[in-house]
Amino acid sequence: DLDGKPRSSTATCYGDKRLKRLYFGSASNYALNTEARGGGIIELIAPKIINYGCLNAGATFGGSGGSIKIRCKYLINYGHILANGGVKSFIFKIGKGGDGRIAIYFENAMINKGIILPKPY
């Protein structure tokens, strides 16, 4: 640390797994890196959702992941659904951020041929 003071380098997790309320992820308190951001918020409500891409509410550099809430009748996932915490760095002395939350509510069917991280509620 440049000024000799210890730094908190990771962000904390909060919120409930059902995502009654959606939260942004917290940024890391690592003062030397202005790119250390928390994850965002994604809420999808539709009859049928087919994902071939990436839904990403993840964080950077030790920030905590955000929230993803999906409500539908059918969900087919071939892509990525991510709310991961930011990576850790030994060089910048940043710990890994806490993972965010993913809640998926479906009525009829969910087919997952892709990646969902962290494990959804």
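Please read these numbers as outputs of a predicted model, since none were measured by experiment.
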Checklist line | Contact summary for Ile102 and Pro118, nearest pair of heavy atoms | finding: CD1-O, 3.6 Å

Next item on the list: Please name the pair of heavy atoms, one in Asn51 and one in Gly53, separated by the smallest distance, quoted to 0.1 Å.
Entry: OD1-N, 3.0 Å

Margin query: Just so I know, are the side chains of Cys72 and Ile45 near enough to count as touching, which here means a heavy-atom distance under 4.5 Å?
Written below: no

Next item on the list: Might you point out which heavy atoms bring Ala59 and Gly39 nearest each other, and give the distance in Å?
Entry: CB-N, 3.7 Å

Notebook entry, point to check: Got Glu43 and Leu22 here, is their nearest side-chain heavy-atom distance under 4.5 Å?
Noted result: yes

Notebook entry, point to check: Taking all atoms of both residues into account, what is the closest heavy-atom pair of Gly66 and Ala83, and its distance?
Noted result: O-CB, 3.8 Å

Checklist line | Side chains of Ser67 and Ile42 in contact at under 4.5 Å (non-hydrogen atoms) | finding: no

Margin query: Could you measure the distance from the OH atom of Tyr78 to the CD1 atom of Ile111? Nearest 0.5 Å is fine.
Written below: 6.5 Å

Notebook entry, point to check: Can any side-chain N or O of Asp99 pair as donor or acceptor with the backbone N or O of Gly85 at less than 3.5 Å?
Noted result: yes

Checklist line | Leu55 vs Leu82, side-chain contact (heavy atoms from CB on, under 4.5 Å): CA-CA, chis, key distance, verdict | finding: CA-CA 6 Å; Leu55 301 174; Leu82 308 170; over 6 Å; no

Next item on the list: Show your reasoning for whether side-chain contact (heavy atoms from CB on, under 4.5 Å) applies to Ile76 and Lys48.
Entry: CA-CA 8 Å; Ile76 304 169; Lys48 185 175 186 178; 4.3 Å; yes

Item checked: Gap separating the CD1 atom of Ile70 from the CG atom of Leu75, nearest 0.5 angstrom -> 5.5 Å

Check: Between CD1 of Ile115 and SG of Cys54, what distance do you get to the nearest 0.5 Å?
Finding: 9.5 Å

Margin query: With a 4.5 Å cut-off on side-chain heavy atoms, are Glu107 and Tyr74 touching?
Written below: no

Margin query: With heavy-atom distances below 4.5 Å as the criterion, would you say the side chains of Met110 and Ile104 are in contact?
Written below: yes

Check: So which heavy atom on Ile68 is nearest to which on Ile81, and how close?
Finding: CD1-CG2, 3.8 Å

Notebook entry, point to check: Where do Ile49 and Arg71 come nearest, in terms of heavy atoms and distance?
Noted result: CD1-O, 4.4 Å

